[in-house]
Amino acid sequence: MPKLKFKSSQFSLNQYETVLDCLLRNKQYIPYACRAGMCQACLVRAVNCDATDESKKWIKQSLQDKGYTLACQWVPDSDVEAALPTVEEFSVRTTIKSLDYLNPGVIRFILDVEDKDRMFHYYPGQYVTLINPRGIARSYSVANNYEEDQTLEFHISQTDQGAFSGWLFNEAACGDVLHMRGPAGDCYYRNASTEEFPVILAATGTGLAPLYAILNNALDNNHLGEISLYHGGRTSDQLYYVEELEKLSQNHPNLHYYPCVKEPGSKTSGKDTKNVNAGSIEEVINKKMDTGTLATTRVFLCGAPDFVYNMRKQFFLKGAKSGNIYCDPFLEHSVAATGGTN
Ligand SMILES: Cc1cc2nc3c(=O)[nH]c(=O)nc-3n(C[C@H](O)[C@H](O)[C@H](O)COP(=O)(O)OP(=O)(O)OC[C@H]3O[C@@H](n4cnc5c(N)ncnc54)[C@H](O)[C@@H]3O)c2cc1C
Ligand code: FES
């Protein structure tokens, strides 16, 4: 079996085992999140050896030239050595500027960028990887446009026993430092030739974060076609930004905002529910959607993976072109069966 050298230790790789899995199995610290080549949290440097083409193809050429590769995609077939970049390398240092609740289960937090000259360009709607002071890395969608606000906004929901969200809800404080890598994802508004196509944005929970960024970007670009935004929750407590979105739709006649609540009678925080659409988000979309224009509609789907995959299928079957359906399923960080450190 090939050997993996890491720091001052050497480990045997199992057959078809990735460098990431081998390190986690041997209780070594390495940040990771998606395990799918998307978030780049698991970047490592191949020392005095070549990483496989498969593991390098996900990262830009300038990093490949320096020997960097993704540990979650690297399955060595001979002895190799890997080294971690320092957390500062390839990351932008940020600090928490503010933390507040958007609803009982969702925190909005705003980050100030400390390394302004290292800040990267991203398209509103893309996601980044955040690494907290404990070294826990997770992907989160940016809800605003840094170039306008000079800050970054995130909406994060509380996950039962979640490592990152648990830290955020229980311990995080203004001034805490987070390192950020990114950006990634193709869920963003593009309309170089100012076409007048309809846009459908649909999300459950904090899936609203990327959609809020995409919506504001489309409005800032004076999008001419109709825009329909569907945001779903089980109860009205699970919605947020209702007033902001109602106001936006009053100011933009082509914007139609549909807050959807599956159980409209059951609310705990006394929020006004008079304008919500009763029913699951899928039911409301099916009722309101104009199937006649679906062939030219750009569809953006974000949030719970089941919802995203189910709606992608439905939109495609009803006439949307697959190339016009952009998806951001909030896949859970897969828990290492071997007991990884993050
Ligand atoms: C592209 C993308 C964008 C995203 N954007 C957002 C966003 O904007 N907002 C947002 O809120 N989320 C977003 N997410 C989801 C986010 O990345 C995290 O998955 C989510 O916040 C949960 O992380 P956590 O560390 O709190 O939970 P984790 O620690 O990852 O736990 C996830 C689940 O696994 C369970 N679990 C944990 N440890 C164990 C164990 N040892 N054994 C068994 N089960 C265990 C937990 O109980 C929990 O249910 C996004 C995900 C992706 C992929
Ligand atoms: S790219 Fe390797 S864990 Fe995300």
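Whatever order the structure lists them in is the order used to number ligands and atoms, beginning at 1.
- In terms of N/O distances under 3.5 Å, ligand 1 is not approached by P210.
- For atom 1 (S) of ligand 2, the nearest protein heavy atom (residue, atom name, distance) is Q40 N, 3.2 Å.
- Geometrically, R138 does not engage F164 in a cation-pi contact defined by less than 6.0 Å to the ring centre and at most 45° from the axis.
- Nearest to atom 31 (O) of ligand 1 by heavy-atom distance, out of G162, G207, C34, G105, is G162.
- The closest side-chain donor-acceptor pair between K287 and N277, if any, does not fall under 3.5 angstrom.
- Only side-chain heavy atoms of D328 come within less than 4.0 Å of ligand 1; its backbone N, CA, C and O stay farther off.
- Using a cut-off of 4.0 Å between Lys/Arg side-chain N and Asp/Glu carboxylate O, R108 and D100 are scored as salt-bridged.
- The side-chain tip of R312 does not point at the ring of F315 from less than 6.0 angstrom away and within 45° of straight on.
- By the 3.5 Å distance cut-off applied to N or O atoms, Y127 is not counted among the residues near ligand 1.
- Taking backbone and side chain together, C39 holds no N, O or S atom under 2.8 Å from atom 2 (Fe) of ligand 2.
- When the heavy atoms of I107, D160, T159 are ranked by distance to atom 46 (C) of ligand 1, first place goes to D160.
- Contacts between Q73 and ligand 2, counted as non-hydrogen atom pairs separated by less than 4.0 Å, are absent for every part of the residue.
- Set against the non-hydrogen atoms of R138, the atoms of ligand 1 under 4.0 Å away are 17 (O), 23 (O), 24 (P), 25 (O), 28 (P), 29 (O), 30 (O).
- The pair E282-K262 does not meet the salt-bridge criterion, since no charged nitrogen lies less than 4.0 angstrom from a carboxylate oxygen.
- At a 4.0 Å heavy-atom cut-off, ligand 1 touches F330 through backbone and side chain alike.
- Here the closest heavy-atom approach between residue Q126 and residue G185 is recorded as NE2-O, 2.8 Å.
- At a 4.0 Å heavy-atom cut-off, ligand 1 touches H155 through the backbone alone.
- Inspection of the Y240 and H155 side chains reveals an N or O donor paired with an N or O acceptor under 3.5 Å.
- Note on E81 versus K3: no salt bridge recorded, every NZ/NE/NH1/NH2 to OD/OE distance being 4.0 Å or above.
- Within ligand 1, counting atoms from 1 as listed, the ones closer than 4.0 Å to a heavy atom of I156 are 11 (O).
- Geometrically, ligand 1 and A163 share a nitrogen or oxygen pair separated by less than 3.5 Å.
- A donor atom on one side chain and an acceptor atom on the other are not found under 3.5 Å apart for E196 and H223.
- Looking only at heavy atoms of the protein, atom 3 (S) of ligand 2 is closest to R35 N, 3.1 Å.
- Among the atoms of C34, no N, O or S atom is found under 2.8 Å from atom 2 (Fe) of ligand 2.
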